[in-house]
Amino acid sequence: MAVRRVAEETEGLIGASPPRVDGLAKVTGRARYLDDLTFPGQLWGRTIRSTLAHARILRVERDPAFDWSALTWVTAADVPGENVVDLLDDDQPFLAEGVVNHYDEPIALIAGDDRERLAEALSHVRVEYEPLPAVFDPVASTAVLRRCRYGREEERLADAFARAHRIVEGRYRVGRQEQLYLEPNAVCAVPGPDGMTLYGSMQCPFYVQRALERLLGGSGRIHVVQTVTGGGFGGKEDYPSVIAGHACLLARKAGRPVKIVYGRAEDLAATTKRHPAIVTHRTAVDAGGLLLGGEIDLVLDGGAYCTLSPVVLSRAALHAPGAYRWPCCRVEARVAATNTPPNGAFRGFGAPQALFAIEMQMERIAREIGLDPVELRRRNALREGDVTATGQTLRGSVSALAVLEAAARRAGPRPAAAPGGRVRRGRGFSLVWHGAAFTGAGELHLRSKAAVELTAAGLRVLAGSTEIGQGTETVFSQIVAEAAGLPLTAVEVAVPDTSRVPDSGPTVASRTTMVVGGTLARAARELVGRLAGWVAARHGADPANVECREGLFRDGPVVLGSFVAVATGWLEERGPLVVTAQYAPPPGIAWDEEAFHGDAYPAYGWAATAVDVEVDLDTWQTKVRSVVAAADVGRAIHPVLCEGQIEGGIAQALGWALLEEVVHEEGRVANARLASYLVPTARDVPPLVTVLVENPYAHGPFGAKGVGELPMDGPAPAVTAAVLDATGAFVAELPVTPDRLMEAMEGMRRDRLA
């Protein structure tokens with residue numbers, strides 16, 4: 001169920017919810033995912049992986065009694081370029097050389113045309129190791145991948161703690177979470193006379209292209225094509241570079257196409273996860289609950305290699321103070337390496353971990369000073385004109401109070417007590433913010449571009465941003481059609497192919513609609529402006545008065561021609577027309593990367609969540625009865641897709657809150673099966689109410705901000721707060737399993753007795 005609170009109405013396509021442009025192909029099965037594609041002469045590829053978390057490789061042996069003649073074999077010795085995955089640090093090899101640093105690390109590759117024979121071959125490979133000491137605790141690890149800190153105002157902090165009515169301390173933990181996209185990682189490398197073409201399920205084709213160029217060296221032209229992709233959630237941001245490199249190495253040696261499709265168990269065991277985090281808060285508050293100062297220490301577990309950990313750490317640190325006013329706040333954050341499979345991006349990358357901690361700290365503060373948790377948040381919420389902990393003055397589209405009031409109002413009266421004495425009911429709230437687009441100067445460094453191309457029927461979108469289930473093709477079509485004055489059917493979206501589209505930056509960080517969509521709108525307006533000038537010249541009209549509306553060029557009330565007729569005439573007379581635009585950040589944005597000071601993000605999304613739960617004191621099971629989520633997304637380009645993003649994020653967050661736990665045994669994922677890694681099903685998702693509070697962002701397309709990650713941030717702390725409200729037990733670690741809840745209740749009883 002959705003309720004819209006609209007700050008501004010726009011006629012036309014913006015704010016409408018037309019059918020998804022890719023919907024029919026997907027529901028009828030016409031959409032072709034990677035595993036649906038077959039290439040002439042195609043082989044299948046498999047990976048030989050390490051069986052220790054940290055060890056020296058002494059030798060890799062193939063059983064001489066097994067017939068290897070029909071199989072292609074690849075090790076690090078076959079790499080023609082650099083054996084390093086191109087990410088933020090050059091520390092991760094495509095194939096291990098000499099040492100393995102985590103369980104399931106790739107060591108060698110094999111390919112063949114008989115999948116059963118290929119599976120049998122895996123059991124005929126023997127790797128001999130010399131075990132090395134392994135580290136699994138990030139707090140104890142001395143291998144620090146990155147650090148960041150800000151707000152080191154020692155005198156102000158000392159004064160704040162000296163003046164405090166209460167000093168509240170808390171430590172919070174969250175574990176790994178699996179992205180669990182519907183389609184596992186899948187690629188196919190096709191060698192050609194002048195290079196290599198890589199088809200795959202991915203979020204960031206240009207990431208993969210750069211990785212392959214370094215891996216393959218001067219092996220010819222490389223281009224990457226995104227196939228229809230069944231979900232990503234960040235898990236297909238960095239890891240597709242790894243599997244793509246493996247397929248290309250095999251294809252290069254075999255001289256034939258090689259497809260690699262992971263089974264679910266391999267995908268669960270070997271690919272990146274959400275970073276575990278340990279966050280410690282020490283907060284000074286006055287008698288009225290106002291925050292006076294805070295000290296926050298945050299540690300992330302990066303796993304064996306850096307991957308995307310620096311940007312995850314950065315976002316975690318920047319979101320650690322939450323959506324609140326702080327006169328002074330010091331944040332110290334680091335990400336440490338352990339001998340576990342590397343962690344990477346997952347919806348929100350760093351923010352959900354940090355926001356869980358600050359929201360639970362607010363619950364602890366409310367309890368200690370005897371104030372209603374919603375009122376505590378209301379008193380401390382950021383407002384327009386406030387200055388954040390990094391020194392950013394918030395100007396425009398600031399909606400912390402609006403979403404908090406909307407969620408509280410829509411949630412209604414508190415839940416009635418459950419019948420019977422062994423079931424308790426409770427309600428919890430959370431208030432969060434989420435920076436849209438890349439941190440600080442990230443978008444400037446990207447210099448992302450997008451283009452529109454004139455066709456005989458309308459316009460074609462050319463962008464490296466990918467459709468991974470979130471509705472990008474539909475939203476881009478709406479934005480371009482509205483900007484150009486065309487019907488939706490006149491716009492098509494090109495397949496993201498690095499040989500055909502510009503690099504629009506990665507499909508991550510809640511930036512696709514706000515950053516790339518805004519860039520496309522500018523390109524579309526410029527292209528139509530050129531056509532309008534051409535039409536005006538042909539008709540002797542004033543170009544300033546000619547515009548395109550509803551697919552017709554008009555000079556006031558006079559129709560000068562249809563868009564199709566004008567496009568046809570231009571193409572015949574002047575040839576192809578492509579207009580490329582580059583993202584331009586809003587004026588006045590300044591960020592000091594070294595000091596971590598200034599405008600951390602161009603805009604923020606805001607969300608408040610109210611959760612009602614039931615807790616069974618016999619089984620310690622928690623059941624979520626309802627969720628109300630109010631979110632400010634600036635402007636909902638497509639409200640139904642926007643609501644779908646919020647509902648999907650809630651479901652993922654509920655899984656993280658109550659069910660999902662990646663279990664490691666000596667560095668190995670011990671529950672790499674859907675029978676043991678539990679996620680919510682349709683039966684586990686309670687009634688949801690989504691309230692869209694639209695507070696337009698002046699520099700977003702038609703007022704839009706990012707929405708993809710914001711829904712992941714608030715539900716988990718709201719669930720834990722509701723459990724606290726129901727039972728009085730403070731569970732400071734996710735997920736809130738029956739064991740953890742029982743332990744918290746027993747600890748509470750011991751404290752009372754003491």
Side-chain angles (χ1 to χ4, degrees), residues 46-58 60 85 91-110 119 122-141 143 145 173-181 184-185 235 238-239 242-243 246 260 262-278 300-307 309 335-344 346 656 659-679 733-735 737 739:
R46 292 292 300 269
T47 310
I48 289 94
R49 300 183 179 276
S50 64
T51 55
L52 290 176
H54 193 205
R56 186 169 288 109
I57 301 172
L58 300 180
V60 180
V85 182
D91 64 338
Q92 182 178 4
F94 278 94
L95 294 170
E97 290 185 271
V99 173
V100 294
N101 289 303
H102 67 87
Y103 203 99
D104 280 318
E105 181 163 6
I107 295 174
L109 308 165
I110 52 175
L122 294 176
S123 64
H124 289 271
V125 179
R126 179 176 173 269
V127 183
E128 187 177 337
Y129 303 99
E130 177 190 333
L132 298 172
V135 176
F136 303 123
D137 180 0
V139 176
S141 173
L145 298 170
R173 287 179 174 268
V174 297
R176 292 169 180 81
Q177 186 184 15
E178 162 64 30
Q179 294 89 348
L180 209 72
Y181 25 71
N185 274 278
D238 55 340
Y239 198 85
V242 176
I243 186 174
H246 292 166
I260 302 178
Y262 283 176
R264 182 62 69 184
E266 185 175 19
D267 206 289
L268 282 165
T271 64
T272 56
K273 308 282 182 284
R274 185 183 300 284
H275 288 67
I278 302 100
L300 297 180
D301 183 346
Y305 297 114
C306 184
T307 66
S309 288
V335 57
T338 59
N339 294 113
T340 59
N343 297 307
F346 188 165
W656 191 43
L659 295 173
E660 298 182 46
E661 187 165 24
V662 179
V663 178
H664 273 167
E665 293 179 354
E666 295 299 307
R668 177 181 67 89
V669 177
N671 59 333
R673 298 285 188 280
L674 289 182
S676 50
Y677 183 82
L678 304 179
V679 297
E733 182 173 0
L734 293 181
T737 59
D739 287 350

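Hydrogens, waters and symmetry mates play no part in the numbers below; they use all other heavy atoms, side chains included.
Although no hydrogens or angles enter the test, the distance criterion places no donor-acceptor pair under 3.5 Å between the side chain of Asp301 and the main chain of Pro138. Between the side chain of Ser50 and the backbone N or O of Ile107 there is no donor-acceptor pair closer than 3.5 Å. Side chain of His275 to backbone of Arg176: no donor-acceptor contact under 3.5 angstrom is found. Judged purely by atom type and a 3.5 angstrom limit, Ser141 uses its side chain to pair as donor or acceptor with the backbone of Ala143. Put simply, the side chain of Glu105 gets close to the backbone of Asn101: a donor and an acceptor are under 3.5 Å apart. Counting only distance, with no hydrogens or angles, the side chain of Asn339 and the backbone of Gly667 share no donor-acceptor pair below 3.5 Å. Under a 3.5 Å cut-off, the side chain of Asp267 and the backbone N or O of Asn185 do form a donor-acceptor pair. Under the 3.5 Å distance criterion, the side-chain polar atoms of Tyr677 are matched with a main-chain donor or acceptor of Glu178.
Smallest separation of non-hydrogen atoms from Val663 and Asn671: N-OD1, 2.9 Å. Shortest non-hydrogen contact noted between Leu145 and Gly302 is CD1-CA, 4.3 Å. Tyr305 and His102 get closest at one heavy-atom pair: CE1-CD2, 3.8 Å. Considering all non-hydrogen atoms of both residues, Arg46 and Leu122 come closest at NH2-CD1, 3.1 Å. Smallest separation of non-hydrogen atoms from Val99 and Ala96: O-CB, 3.6 Å. Annotation for Asp91 and Cys306: closest pair OD2-N, 2.8 Å, computed over non-hydrogen atoms.
Rounded to the nearest 0.5 angstrom, Thr340 OG1 and Asp137 CG are separated by 11.0 Å. In this structure, OG1 on Thr47 lies 7.0 Å from CD1 on Ile243, to the nearest 0.5 angstrom. Here Ile110 contributes atom CD1 and Ile48 contributes atom CD1; the two are 4.5 Å apart, rounded to the nearest 0.5 Å. Within the model, atoms OG1 of Thr737 and CD of Glu660 stand 13.5 Å from one another, a figure rounded to the nearest 0.5 Å. Between the CD1 atom in Ile57 and the OH atom in Tyr129 there is a gap of 6.5 Å [rounded to 0.5 Å]. One finds the CG atom of Asp238 at 8.0 Å from the CD atom of Gln92 (value rounded to the nearest 0.5 Å).
Residues Glu266 and Asp104 are not in side-chain contact: their nearest non-hydrogen atoms beyond the backbone lie 4.5 Å or more apart.
Under the side chain to side chain contact (heavy atoms under 4.5 Å, CB included) test applied with Leu300, the options Asn343, Val174, Val335, Ile278 reduce to a single match, Val335.
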Check your understanding: Leu268 and Arg673: side-chain contact (heavy atoms from CB on, under 4.5 Å), yes or no, with the steps?
Key -> CA-CA 7 Å; Leu268 282 165; Arg673 298 285 188 280; 5.5 Å; no

Point to revise | Steps toward side-chain contact (heavy atoms from CB on, under 4.5 Å) verdict (Val242, Thr271) | key: CA-CA 10 Å; Val242 176; Thr271 64; over 6 Å; no

Exercise for review: I would like to know whether Thr51 and Tyr103 meet side-chain contact (heavy atoms from CB on, under 4.5 Å); could you show each step before the answer?
Suggested key: CA-CA 5 Å; Thr51 55; Tyr103 203 99; 4.2 Å; yes

Point to revise | Residues Tyr262, Tyr239; criterion side-chain contact (heavy atoms from CB on, under 4.5 Å); working and verdict | key: CA-CA 12 Å; Tyr262 283 176; Tyr239 198 85; 3.0 Å; yes

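Heavy atoms from other residues, nucleotides or ligands lying under 6.0 Å from CD of Glu666 number 12 at most.
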